[in-house]
Amino acid sequence: MKITLNIWRQANPTAQGSMQKYELDDVSEDMSFLEMLDLLNENLNEQGEDPVAFDSDCREGICGMCSLMINGQAHGPEVTTTCQLHMRSFKDGDTITVEPWRAEPFPVLKDLIVDRSAFDRIIQSGGYISVNTGSAPEANNLPVEKAKADRAFDVATCIGCGACVAACPNGSASLFLGAKITHLGELPQGQPERYTRVVDMVAQHDHEGFGGCTNIGECTAACPKEIPLDVISQLNKDLRTAMLHGH
């Protein structure tokens with residue numbers, strides 16, 4: 001395959017960025033999107049040019065590091081992570097536009113890499129259970145309803161990639177926030193801090209500059225782990241309950 005790449009290049013957070021065009025031959029349809037970028041960077045290194053900076057880690061669809069806007073879609077045209085997107089999803093001769101996440105709380109560090117530490121600060125504000133349990137307890141000592149256990153497990157698959165924010169017209173992180181709130185809120189271990197947790201995490205979300213949710217649904221459509229939209233309903237329900245009880 002031969003493809004044309006329009007890639008956002010930005011030397012540092014304060015530099016003026018711009019789109020740069022690159023031609024790439026001999027792209028195999030079996031390559032992942034990141035392997036294709038590796039090939040581009042090998043060519044740039046051979047030509048003495050600065051390679052394109054992008055994030056990746058596991059390359060197995062688990063870590064959420066590979067955050068890219070591809071032709072205007074978070075992670076590209078398939079419902080998967082960028083590292084699991086393959087070039088067979090494109091056609092010979094295609095022009096592909098590659099950009100970093102576009103959201104104010106995710107400032108660009110270099111090229112396609114953004115700073116997603118805002119998510120870390122949201123988790124630090126309350127996305128945990130602080131009970132000191134000592135050594136690991138026996139798993140069967142604390143019964144959990146199967147429906148609740150399944151629900152908690154399903155929403156815990158959120159990998160914090162930020163696709164929901166990038167896809168949302170308002171730049172809201174409500175899907176990410178709702179997944180974390182629902183995960184802990186479904187488990188008995190999460191009940192003592194359930195309402196202080198939601199108040200603190202929502203406050204941090206707003207402090208970071210994320211927008212409000214208007215239930216458009218772009219977030220769940222872009223989510224590579226298919227987190228359902230109803231976690232936002234659970235988030236709002238818990239927040240209302242917390243406010244009614246003066247948390």
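Since we're looking at a predicted model, the values are computed, not measured.
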Exercise. Which pairs count as salt bridge (Lys or Arg N to Asp or Glu O under 4.0 Å) when at least one residue sits in residues 166-185, sequence neighbours excluded?
Worked result: none

For this session: Keeping to residues at least two apart or across chains, list the salt bridge (Lys or Arg N to Asp or Glu O under 4.0 Å) pairs with something in residues 90-103.
Result: Glu99-Arg102

Seminar exercise, completed: Note: with side-chain heavy atoms under 4.5 Å as the link, the other cluster members for Ile113 come out as Leu109

Seminar exercise, completed: Residues passing the salt bridge (Lys or Arg N to Asp or Glu O under 4.0 Å) test with Lys148, sequence neighbours excluded, are Glu186

Problem set entry | Sequence neighbours excluded, every pair satisfying salt bridge (Lys or Arg N to Asp or Glu O under 4.0 Å) that has a member inside residues 229-247 | Arg151-Asp230, Arg194-Asp238

Exercise. Considering residues at least two apart in sequence or located in another chain, which fulfil the salt bridge (Lys or Arg N to Asp or Glu O under 4.0 Å) criterion with Lys146?
Worked result: Asp150

For this session: Applying side-chain contact (heavy atoms from CB on, under 4.5 Å), name anything that partners Pro188, two or more places apart in sequence or on another chain.
Result: Leu142, Val144

Seminar exercise, completed: Taken in chain and number order and not counting sequence neighbours, the residues that satisfy salt bridge (Lys or Arg N to Asp or Glu O under 4.0 Å) with Asp26 are none

Exercise. Looking at residues at least two apart in the chain, or sitting in another chain, which of them share a ring pair (Phe, Tyr, Trp, His ring centres under 6.0 Å) with Phe210?
Worked result: Phe106, Phe119, His205

Exercise. Taking only residues two or more places apart in sequence or in another chain, which ones pass side-chain contact (heavy atoms from CB on, under 4.5 Å) with Pro143?
Worked result: none

Exercise. What pairs meet the salt bridge (Lys or Arg N to Asp or Glu O under 4.0 Å) rule with one or both residues in residues 46-69, with sequence neighbours excluded?
Worked result: Arg9-Asp50, Asp38-Arg59, Asp50-Lys110

Exercise. In chain order, what residues pass the side-chain contact (heavy atoms from CB on, under 4.5 Å) check against His86, with sequence neighbours excluded?
Worked result: Ser32, Arg88

